[in-house]
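A short worksheet on the structure shown next.
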2 protein chains.
Amino acid sequence: MTRTHHQHPRFQLRLVSGKDVVIGPGKADLLDAIGRTGSISSATREMGLSYKKAWQLINTMNEHFAEPVISTVSGGSQRGGAELTDFGHRVLEQYRALQARLTAENAPETQALLDLLAPADAPDP
Amino acid sequence: MTRTHHQHPRFQLRLVSGKDVVIGPGKADLLDAIGRTGSISSATREMGLSYKKAWQLINTMNEHFAEPVISTVSGGSQRGGAELTDFGHRVLEQYRALQARLTAENAPETQALLDLLAPADAPDP
DNA sequence: TTCCGTTATGTATAAATGGAAATAGCGGGA
DNA sequence: TCCCGCTATTTCCATTTATACATAACGGAA
C-alpha cells in the first residue's frame with residue numbers, strides 16, 4: 001500500500017455551505033500542517049497532496065469564512081511561506097472542539113451507532 | 001438550476017471505516033426514501049440518482065453493518081420492492097439522533113464555528 | 001404464456017476530480 | 001545580477017466517479 005489509512009471506524013465532521021465543504025477533516029489537517037511547517041509547500045509534501053489542491057482547499061475556506069485563515073509571503077529572506085492567521089487558529093480550534101464532542105466518551109449516541117457495525121469493523125477490538 | 005441545493009450552512013456527519021463511508025447524509029436520505037417509497041427504484045427517481053449508485057450505497061452499508069439495512073423482493077404481485085429492516089430502522093434512527101446533537105441549540109461549539117462564517121453565508125439571516 | 005415493475009449486474013460512456021509539470025513573480029542574500 | 005524556495009496560476013493528462021443503457025431473473029396476475 002502506498003499510504004496508511006486510518007482503519008478504525010471513526011466519525012467525521014463537515015461544515016458545508018451550498019456545494020462547498022467549508023471545513024472538514026482534510027482542511028483541518030491542512031491548516032494544522034501549515035501552522036506547524038510554516039508553508040503550504042512543506043505541508044503538501046508532508047501530507048502527500050499537490051500544491052494546487054492545497055491552495056484550492058485554502059481558497060474555499062477563505063471564500064466562506066469572514067477572514068482569511070492563513071497569511072502568505074512570497075520572496076524575502078525566508079523565501080516566502082505561510083502561517084495561520086489568528087482567525088485561522090480560532091477556526092481550527094473551534095473545529096477541533098466540535099470534533100471532540102463526537103467521541104464516544106462524550107456522546108452516547110456515537111457508541112450506539114458503532115455497536116451496530118459488523119465485528120469485522122471492530123469498534124473496540 | 002437543475003436541482004435545489006440546501007443553501008444554508010450546515011454540519012454533516014459521516015461514519016467512516018477504512019476507505020468506505022459507512023453512513024452519511026446521502027445514505028441516510030436514501031434509507032429514508034426507500035422506507036417511504038417502498039422500493040429502491042422509486043427512491044432513486046425521487047432523489048435523482050441512478051439505481052446502480054443507490055444499490056452500491058446500500059451494498060457498502062450492508063458490508064459494514066452487522067445486519068442488512070433493507071430487505072428486497074423481486075417479482076410477485078407487488079412486482080418487487082424494498083423496505084427497511086428493523087435493523088435498518090435502528091441505524092437510521094441512531095444516525096438521526098447523533099445528527100441532532102450537532103444542531104446549534106444542543107452544541108454551543110457549532111454556533112461558535114458558524115459565527116466565523118462570512119456574512120454572505122448567512123448563518124442566521 | 002405473456003406482461004409488469006422491480007432487483008441485480010455488466011458494459012460502455014460521460015463527467016468530475018486530482019495530479020504533474022510548466023510558468024511567472026516575489027524579495028532578500030550572495 | 002543571479003539564485004533560491006515559495007506563492008499563485010495555467011495547461012494537459014490520468015484517474016476516479018457517476019451515469020446511461022442493456023440484460024437477465026423474479027413471481028404473481030391476467
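Every chain is numbered from 1 and lettered A, B, ... according to where its sequence line falls, protein lines coming before strand lines.
The interatomic distance linking Trp55(B) (CH2) with dT19(D) (P) rounds to 16 Å, in whole Å. Arg45(A) has its CZ atom 9 Å from the C1' atom of dC6(D), to the nearest Å. Rounding to whole angstrom units, CE of residue Met47(B) and C1' of dA18(D) are separated by 14 Å. Straight-line distance from the CD atom of Gln78(A) to the C1' atom of dC26(C): 14 Å, rounded to whole Å. Between the CD atom of Gln56(A) and the P atom of dT17(C) there is a distance of 10 Å, given to the nearest Å.
Backbone-only engagement by Ser77(B) is indicated by non-hydrogen atom pairs under 4.0 Å involving sugar-phosphate atoms exclusively. Within the 4.0 angstrom heavy-atom criterion, base atoms lie near Gly76(B).
Around CD of Gln56(B), the count of heavy atoms belonging to other residues, nucleotides or ligands within 6.0 Å exceeds 12.
Considering only side-chain N and O atoms, Ser50(A) lies under 4.0 angstrom from the phosphate OP1 or OP2 of dG19(C). Contact annotation: Ser39(A) does not reach the phosphate of dG5(D) (side-chain N/O to OP1 or OP2, under 4.0 Å).
Judged by distance alone with a 3.5 Å cut-off, a donor-acceptor contact links the side chain of Lys52(B) to the base of dT11(C).
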Original post:
Step by step, would you call Leu114(A) with Leu15(B) a side chain to side chain contact (heavy atoms under 4.5 Å, CB included)?
Top reply: CA-CA 9 Å; Leu114(A) 291 174; Leu15(B) 174 56; 3.8 Å; yes
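A residue-by-residue look at Arg79(A) and Ser41(B) shows that Ser41(B) has its nearest nucleotide of DNA chain C further toward the 5' end.
Proximity note for Lys53(A) (side chain, C-beta onward) versus dG18(C), dT9(D), dT19(D): the nearest is dG18(C).
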